[in-house]
Amino acid sequence: MVNILKENMISSGIEFLAERAKDPAFNPFGNAPTLILITADKTAGFVEIDCVAAAENILIAAESLGLGSHIMTSTELLFTSEKGKKLKQELGVPDGYEHICTIALGYKDESPPAKPRRKDVINYIK
Ligand SMILES: Cc1cc2nc3c(=O)[nH]c(=O)nc-3n(C[C@H](O)[C@H](O)[C@H](O)COP(=O)(O)O)c2cc1C
């Protein structure tokens with residue numbers, strides 16, 4: 001999956017992704033050993049909201065178990081090539097289902113402090 005994603009990043013035409021992927025040491029999943037790929041039938045109503053709510057629950061559950069997690073959407077490039085389409089089949093993604101997001105999971109090798117909350121992005125009406 002690392003190789004397929006890197007190949008597709010290089011051929012994506014998105015310059016910053018291509019530049020990143022050209023680095024042989026770059027691992028788009030941050031060397032995480034486990035990935036959860038969320039796919040869905042995008043013709044179903046509000047499906048992205050459902051999936052991202054599920055993703056958020058996975059991120060919170062991971063944190064509660066002492067795992068690090070990383071939500072990703074650049075993984076939509078995973079299935080763009082012929083190799084990617086084969087991978088999609090191998091992974092058992094049902095026909096008609098498309099990529100929504102990926103969650104990389106693993107044990108953290110660093111624990112940076114939480115960033116300060118941006119309270120200015122919420123309007124409180126009293
Ligand atoms: C919707 C969404 C998609 C993201 N996609 C990617 C991605 O494809 N690749 C990546 O390295 N980080 C991606 N990120 C960023 C990371 O998940 C994470 O939010 C970022 O590293 C900042 O983490 P921090 O706030 O803990 O520093 C995405 C974040 C969001 C919210």
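Each ligand, and each atom within it, is numbered from 1 in the order the structure gives. Keep in mind that what you see is a predicted model, and the values were worked out from it rather than measured.
- No N or O atom of R20 sits closer than 3.5 Å to an N or O atom of ligand 1.
- Polar contact with ligand 1: present for H70 (N/O pair, distance under 3.5 Å).
- Among all heavy-atom pairs drawn from F29 and N27, the shortest one is N-OD1, 2.7 Å.
- For atom 27 (O) of ligand 1, the nearest protein heavy atom lies under 4.0 Å away.
- Shown in contact with K115 at under 4.0 Å from a heavy atom are these atoms of ligand 1, numbered in order with element: 24 (P), 25 (O), 27 (O).
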Full working for side-chain contact (heavy atoms from CB on, under 4.5 Å) between L35 and T75: CA-CA 11 Å; L35 299 174; T75 41; over 6 Å; no
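- Side-chain contact check for I103 versus L59: some heavy-atom pair is nearer than 4.5 Å.
- The N/O atoms of I71, backbone and side chain alike, include one that comes under 3.5 Å of an N/O atom in ligand 1.
- Put simply, the side chain of P28 reaches to within 4.5 Å of the side chain of V2, judged on heavy atoms.
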Side-chain donor-acceptor distances from residues 8-19 under 3.5 Å, at least two apart:
unit_1: N8; atom_1: OD1; unit_2: S81; atom_2: OG; d: 3.1
unit_1: N8; atom_1: ND2; unit_2: L77; atom_2: O; d: 2.7
unit_1: N8; atom_1: ND2; unit_2: L78; atom_2: O; d: 3.3
unit_1: N8; atom_1: ND2; unit_2: T80; atom_2: OG1; d: 3.3
unit_1: N8; atom_1: ND2; unit_2: S81; atom_2: OG; d: 3.1
unit_1: S11; atom_1: OG; unit_2: E7; atom_2: O; d: 3.2
unit_1: S12; atom_1: OG; unit_2: M9; atom_2: O; d: 2.7
unit_1: S12; atom_1: OG; unit_2: I14; atom_2: N; d: 3.0
unit_1: E19; atom_1: OE2; unit_2: K22; atom_2: NZ; d: 3.3

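- Of the protein's non-hydrogen atoms, S74 OG, 3.5 Å is the one closest to atom 7 (C) of ligand 1.
- There is no protein heavy atom closer than 4.0 angstrom to atom 19 (O) of ligand 1.
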